[in-house]
Amino acid sequence: MNALALYLRYVALSIRVQLTYRATLAIKALGQLLVTGIEFFGIWALFSRFGSLAGWTLREVALIYGMIDVGFALADAVGRGFDKVGTLLKAGDFDRMLLRPRSIVLQLLGFELQLMRIGRFSQGLIVLVWACLPIAWTPATTALLVISILAIGCVFLGLVVLQATSTFWTIESLEVWSAFTYGGNYAAQYPLSIYRRWFQRFFTAVIPLALASYYPARAILGRDPLGALPAFGPLAGFAFLALSFAVFRLGIRHHASTGS
Amino acid sequence: MSGYLAIVAARFRSLLQYRAAALSGLFTQTFFGLVRIMILRAFYAASATAAAPMALPHVTGYVWLGQATLLLIPWRGDEDVTEQIRTGNVVYELTRPLDLYGLWFARALAWRTAPVMLRMLPMFVLAMLVIPIFVPEWGLAPPPSLAAFVLWLPCFAGAVLISAALTTLMSVTLMWTVSGDGVPILIASCATMFGGLVIPLPLFPDWAQPMLYALPFAGMLDLPSRLFTGDIAVANAPWILAHQLAWTIALVALGRALLRRGVRRLVVQGG
């Protein structure tokens, strides 16, 4: 069986499992919709009080917000297995996975496709659609939007993979990483220009989140011409994920079982 | 009474074990605090003339106090109680010569307080002394007067009481919905939104203000923080305490009534 077929089988299995408890799934998804919806309500409230943010309107910020949240939800849904590496290590289940004659990355990706993330996903999508309505779309900007969202998903997935790698040393998954995943998600919902220089550099050069979201969004909104930076910036997101997987493979060499 | 105190003390000790987690959490909360401050400052900078209902230094202080006491927000019911209800071990609790609500409330009190205490002091040191070294206007300013600080202490205690009452209420609702995350998610969402964690409550539209301050959630982070920063005058401190106590009494009464009904219809399987 080739890798893709195996992955699809993992996914199908995981969906079947989750659909066994439909009510629980629905409540969790709705809960997430509520929690993330609240977040956007907060942004709306700030705009209704202050009018604008550094020259940006609510609808323009909503484009960035929607892109980030849809990308984040995708990464969250796919990356559940990496999120669980700490738990797997502690229970010794990780060793069992290593024994199987399949790539560990594939097994972790297929660990679970979290359906409850549809809550955040749909909330982000609603905001995104609302933000997209007044924009005059061309084939180039449409393609840029799709690629950017995928690139954002790759950056967040890369962060989760790096977090998983760190647990080879710490065993316990440390909350520090939520500063970059959830914190990055929170910060990147707003235009990068409102932050301090060092902060902007960090989310451009170290974690290339802004390259996949802020700069493409500027081009889509017509604030910048569609030049090289917005067009090729999102590629950094894919490169980041590839790099994260490479680091993960290096980390596995360091893996000493916790025993049982 | 000493029985409850022993429960609080035992849980407190077991929760203080996780120091690495606390350090890690401190980093994350500082990060979020910085982002939140940069965002709010950007909004303030954009509209110099807008009648902002809160001065910028007060907003900054509010953010740090919110980060410091973040764990007061009842995200979910007590994990141990949840597990007991799920497994049916809750019957053992019923055999103890203690009032069940009191027992759960005592546990919730410790569960809410220990992590907050552990995180609050280093957060205060960071926000008051370290952050201003780098950016002076981003720090947490000390309270405007000694009176404000002294009165903040009972208000903080009041916040803990509301938080514990809400946590216990979440645990009690599990007697109906076993696997149910429904009610806890609902309470937690309301608490984040209406507690001032998403944005400071005074920045919400004016028409929403009366409702926001009638709810119990304002008593957890918002009101004590605003007393601390000087946004609320010292003379109004008794009102804060009255708000907190009234809501604690109401929530405890509600929780007790629900628990009594829950126990009456409790069916435990197995032998």
Side-chain angles (χ1 to χ4, degrees), chain A residues 21 23-56 61 116 119 170-196 198-200 202-203, chain B residues 18 20-54 75 134-135 138 177-186 188-194 196-208:
Chain A
Y21 301 96
T24 310
L25 178 67
I27 287 172
K28 279 188 180 162
L30 267 176
Q32 226 192 14
L33 184 77
L34 197 72
V35 172
T36 50
I38 277 171
E39 230 174 54
F40 191 73
F41 180 67
I43 299 180
W44 169 83
L46 284 175
F47 270 95
S48 83
R49 166 107 24 215
F50 292 100
S52 70
L53 172 65
W56 290 66
V61 172
M116 65 170 278
T170 61
I171 305 297
E172 193 73 49
S173 182
L174 288 179
E175 205 190 322
V176 171
W177 287 96
S178 13
F180 303 123
T181 50
Y182 288 98
N185 171 56
Y186 177 62
Q189 289 168 351
Y190 293 87
L192 187 73
S193 55
I194 67 169
Y195 299 112
R196 288 284 171 119
W198 57 267
F199 195 85
Q200 296 188 11
F202 182 75
F203 277 105
Chain B
Y18 302 98
L23 205 64
S24 168
L26 184 68
F27 174 82
T28 305
Q29 265 160 253
T30 311
F31 183 91
F32 266 93
L34 289 175
V35 174
R36 210 158 268 163
I37 284 171
M38 283 191 271
I39 292 170
L40 288 168
R41 289 189 77 89
F43 270 108
Y44 269 77
S47 52
T49 51
M54 217 174 167
W75 303 105
F134 299 98
V135 192
W138 283 10
T177 58
V178 191
S179 88
D181 300 307
V183 179
I185 286 180
L186 200 67
S189 309
C190 290
T192 0
M193 174 99 267
F194 304 129
L197 208 61
V198 177
I199 64 170
L201 294 190
L203 297 185
F204 273 109
D206 294 328
W207 53 261

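The sequence lines fix the lettering, A, B, ..., with proteins before strands; numbering per chain opens at 1. We use all heavy atoms of the structure for the numbers below, so side chains are in, but hydrogens, waters and symmetry mates are not.
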Below 4.5 Å from any heavy atom of chain A, which atoms of Arg41(B) appear? Answer side chain, backbone, both or neither.
neither
Atom CG of Leu33(A) and atom OG of Ser189(B): how far apart are they, to the nearest 0.5 Å?
10.0 Å
Full working for side chain to side chain contact (heavy atoms under 4.5 Å, CB included) between Leu40(B) and Leu46(A):
CA-CA 9 Å; Leu40(B) 288 168; Leu46(A) 284 175; 3.9 Å; yes
Is the closest side-chain heavy-atom distance between Asp206(B) and Arg49(A) below 4.5 Å?
yes
dist Tyr186(A):OH -> Phe32(B):CZ (nearest 0.5 Å) comes out at 8.0 Å
Can a donor-acceptor pair be found, under 3.5 Å and without considering hydrogens, that links the side chain of Ser24(B) to the backbone of Val176(A)?
yes
Any Trp177(A) side-chain heavy atom under 4.5 Å of Thr28(B) side chain
no
Residue, of Ala187(A), Gly51(A), Ala179(A), that accumulates the most heavy atom pairs under 4.5 Å with chain B
Ala179(A)
Side chain from CB out, backbone as N, CA, C, O: work out which of these in Tyr190(A) comes under 4.5 Å of a heavy atom of chain B, or both, or neither.
side chain
Looking at Arg196(A) and Met38(B), what are the two nearest heavy atoms and their distance?
N-SD, 3.5 Å
Using the ring of each side chain (for Trp, its six-membered ring), is Phe47(A) parallel, tilted or perpendicular to Phe43(B), with breaks at 30° and 60°?
perpendicular
Find out whether Phe27(B) and Ser178(A) are in side-chain contact, i.e. whether some heavy atom of one side chain is under 4.5 Å from a heavy atom of the other.
no
Only pairs of heavy atoms separated by less than 4.5 Å count here; which of Leu34(B), Thr30(B), Ile39(B) has the most with chain A?
Ile39(B)
Name the region of Pro200(B), side chain, backbone, both or neither, that has any atom closer than 4.5 Å to a heavy atom of chain A.
neither
Evaluate the side-chain proximity of Val198(B) to Ile38(A): yes if any heavy-atom separation is below 4.5 Å, no if none is.
yes
Interface moiety of Trp56(A) toward chain B, non-hydrogen atoms closer than 4.5 Å
neither
Where is the tightest heavy-atom contact between Ala45(A) and Phe204(B), given as atom of each residue plus distance?
CB-CD2, 3.8 Å
CZ (Phe134(B)) with more than 12 external heavy atoms under 6.0 Å:
no
Centroid-centroid distance, Phe31(B) to Tyr182(A), less than 6.0 Å:
no
